[in-house]
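Everything below concerns the one structure shown next.
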4 protein chains.
Amino acid sequence: MMNEGKQKILEAARATIIEHGIQGTTLRGIAKKAGFSTGAIYHYYNSKEAILYDVMDEGLGEIRRIATVSIEDKKEAREIIQEIFDGMQDRLKKDAESRLQFYLAHEAMLGNVELQNKFKEKYEDWINRVEAIFVRAYGVERGPSTRAVAAWTMAAIDGMVLQTLLNVQVVESEHTNRILEYLLQDGFTHFFKIIGNEQR
Amino acid sequence: MMNEGKQKILEAARATIIEHGIQGTTLRGIAKKAGFSTGAIYHYYNSKEAILYDVMDEGLGEIRRIATVSIEDKKEAREIIQEIFDGMQDRLKKDAESRLQFYLAHEAMLGNVELQNKFKEKYEDWINRVEAIFVRAYGVERGPSTRAVAAWTMAAIDGMVLQTLLNVQVVESEHTNRILEYLLQDGFTHFFKIIGNEQR
Amino acid sequence: MMNEGKQKILEAARATIIEHGIQGTTLRGIAKKAGFSTGAIYHYYNSKEAILYDVMDEGLGEIRRIATVSIEDKKEAREIIQEIFDGMQDRLKKDAESRLQFYLAHEAMLGNVELQNKFKEKYEDWINRVEAIFVRAYGVERGPSTRAVAAWTMAAIDGMVLQTLLNVQVVESEHTNRILEYLLQDGFTHFFKIIGNEQR
Amino acid sequence: MMNEGKQKILEAARATIIEHGIQGTTLRGIAKKAGFSTGAIYHYYNSKEAILYDVMDEGLGEIRRIATVSIEDKKEAREIIQEIFDGMQDRLKKDAESRLQFYLAHEAMLGNVELQNKFKEKYEDWINRVEAIFVRAYGVERGPSTRAVAAWTMAAIDGMVLQTLLNVQVVESEHTNRILEYLLQDGFTHFFKIIGNEQR
DNA sequence: GATGAATGAGTTTTCATTCAT
DNA sequence: AATGAATGAAAACTCATTCAT
């Protein structure tokens, strides 16, 4: 079926991009990895660009799936925090996907508006989830400040992923993890207390 | 002089990269923007790669200059913190340079080991500065934890810059700035207290 | 039946050629327009060339049908001339068919000998008819000169059709039609008189 | 110089088109015939289409030059007519150029508006010349009718060229030439007399 | 018979690099 | 030093034709 071939091509394209970067990704390479002839690719996609677009699309979809912590869960604060931590840990490990993300970010910066919108969507979704968790876990009221804290949290994770991908091992992950744990358990509690007071 | 031509070429290359991305950067384009003929470029550089290498080199050097807060300064904690904040604000605004940074990061991820080392150097430098400031400003003892906090701080800034470059305006900068200010003034104070206790 | 499918394909091919030219005509395009799958085409024709050949064959066949004035008709000169005039008018209007003709002519010029022979046949047929009509209508004797006049007449019609297809509207058709009418009624009469005298 | 290369390419393109038709013309072929590498072509032209466009442009320009009979000439009627006749003869012989013309006509029919305009221009120019000559040679007054006769004259020439290019040798050129001569000497004289009378 | 996915040779196009002037 | 025309290998893309289902 059409979709099966598309899937193969997308998978091959994703793998090639991660391996060689977008510049190093040629149709020939994708075709070879997908087990197709060059021409066959054009049954599924009209241009290289179209393939890359779909890779981006799926790549960002993937991210959404990574956000495993559901807003609807009825769990204890402690438990939720553990899940966030695990989710973050998880993301720090998924090299390949993260790398793809940064490639896409790169592309988006080049002025690909559609991709920028996808990123906006994704960030909004993710920040919403984080905010909702904060609200329930720390008993704080939703407001611009909780949203901003959520945005900073996302930012910190992204930045740490970047450091990891860059092989910048300035600090042992053991320590960065402990800081994260402290933050989630006590840091935010105190933090939201301060913010809560200041807001009034 | 040799260096004058090199500088022109580098400037043109940087501008072209920011405008069209690394893929979209051709020698011809650089030559045109620099006001040289295609052939003339080869008097200054032996290959396109050599130019890109220097762009990266200078690009990352630039970052170091952005870190205006010197370790040796003998200022009040309050003042130092304000400087950090301003420095961060500043970086959030320098679109072009930041963009170049992310392109380079992209390239480094592709396995460019030399570039990775440059990034490592840069991060170590910067994290050192931030850590030193924390030590002085919050009166905490230097240790793996302060280093980890510094790394997370850097990560958060990087992540926020990324969101800015992606045009993801999920939260008004007014609010993210306030959170940053709170963090620097009260958050870290409390934070280092907890960590200090836990560390024992 | 085989022929039904062939007819559909031929019709689709003709339409596609008129729309996109011979270069722009792809098997896929023909198949789609004919409502067949790409592969199905090969049940009717062994190659694209075979299809084009049949299009040419039918295309030129069509022209023969356009020559409605039969040699055997026993009509008055006046009446015959009117018929010629109407036939020419007709041809000037049949854009699509004429266009196809010129495409085929184009192809024939490229050295397609078979097609050249078809054209020769067609012209011979047509010139014969026109000559026969001249003989009867103007009472002139058949000879190299009458044949040459017939050839020129055909040429003039072809050339005027070309001007029409090229959207060259240098002269209003009202005037070109009047000239044609004069020619048929008086011009040729006088003309053949002169030629008749000179021939002796 | 730039133009020298362009000229070589154009010449090679024209020759290739005449030899193989527009479809059979590949960049590789042009490059080879012009004595360039494939890549070199792109110094002069940004696309194959651009080359073809210039070929067309020059091709139609050529035609204008073929129209050697100048409107301003102060010659005897007899002499002028001879010139027309020679010019026509000439055109009937210039196989290559005429062939190119028909290729261009073909292209124009496909909807190339720019090319259509060029053709219009060319026909207007030519018909103007022929009309002017008629006016002087036959002492007839300029009007829609003389213009229409000029258009028909052009059409007849075009059509006869077409027959020649198609290798349709239905009539020996000896006879067609004689008819043309008669036409120019007596035919038109009588013809314009009739038309002149009718017009009143 | 019919389908449409697959082939692969051929086409246009790009671009870092070279080199005669 | 400087020019920019030229190179050629490699890229994206097209399409008539084949073939397993």
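Proteins get letters first, then strands, A, B, ... in listed order; numbering begins at 1 in each. Just so we're clear, the structure is a prediction, and the values are computed from it rather than from any experiment.
In this structure, CG of A:N3 is placed 11 Å from P of E:dA5, rounded to the nearest angstrom. Taking atom CD1 of residue D:I41 and atom C1' of nucleotide E:dT12, one finds them 12 Å apart after rounding to whole Å. Going from atom CZ of A:R28 over to atom P of E:dA9 covers 12 Å, rounded to whole Å. Atom P of nucleotide E:dT11 and atom CG of D:L52 are separated by 15 Å, given to the nearest angstrom. Protein atom OH of C:Y45 is 20 Å distant from nucleotide atom C1' of F:dC15, rounded to whole Å. Going from atom CD of D:E4 over to atom P of F:dG4 covers 16 Å, rounded to whole Å. Between D:K6 atom NZ and F:dG4 atom C1' the separation is 15 Å, expressed in whole Å. Between the C1' atom of E:dA6 and the NZ atom of A:K8 lies a distance of 11 Å, rounded to the nearest Å.
In this model, a side-chain donor or acceptor of C:H43 finds a partner on the base of E:dA2 within 3.5 Å.
Residue B:T38 is classed as a base contact, given a heavy-atom separation below 4.0 Å to a base. Using a 4.0 Å heavy-atom cutoff across all strands shown, A:L27 reaches sugar-phosphate atoms only and no base atom. Residue D:S37 is classed as a base contact, given a heavy-atom separation below 4.0 Å to a base. Residue contacts for B:Y42: at a heavy-atom cut-off of 4.0 Å it reaches a base atom on one of the strands shown.
The residue from C:R14, C:K118, C:K6 that alone fulfils the salt bridge (charged side-chain N to carboxylate O under 4.0 Å, His left out) condition with C:D57 is C:K118.
For the pair B:K33 and B:T16, the tightest heavy-atom approach, listed with the atom from each and the gap, is CD-OG1, 3.8 Å.
If you check F:dC13, F:dA16, F:dT3 against the side chain of C:T26, the one that comes closest is F:dA16.
For D:N117, the CG atom counts as densely surrounded, since its 6.0 Å shell holds more than 12 non-hydrogen atoms of other residues, nucleotides or ligands. In the displayed structure, B:K8 atom NZ is contacted under 6.0 Å by at most 12 heavy atoms of other residues, nucleotides or ligands.
Across all strands shown, E:dT3 is found opposite F:dA20 as a Watson-Crick or G-U wobble partner, with both distances under 3.5 Å. The base-pairing partner of E:dA9, taking Watson-Crick or G-U wobble contacts with both distances under 3.5 Å, is F:dT14.
Of the two residues contacting DNA chain E, namely D:K48 and A:A40, the nearest-nucleotide position lying further toward the 5' end is that of A:A40. Taking for each of B:N46 and D:G39 the nucleotide of DNA chain E with the nearest heavy atom, the 5'-most of the two is the partner of D:G39. Residue-to-nucleotide proximity on DNA chain F shows that, of D:G35 and C:G24, the 5′-proximal contact is made by D:G35.
OP1 or OP2 of F:dA2 sits under 4.0 Å from a side-chain N or O of B:Y44.
Ring to ring, D:F36 and D:Y44 are close: their centroids are under 6.0 angstrom apart.
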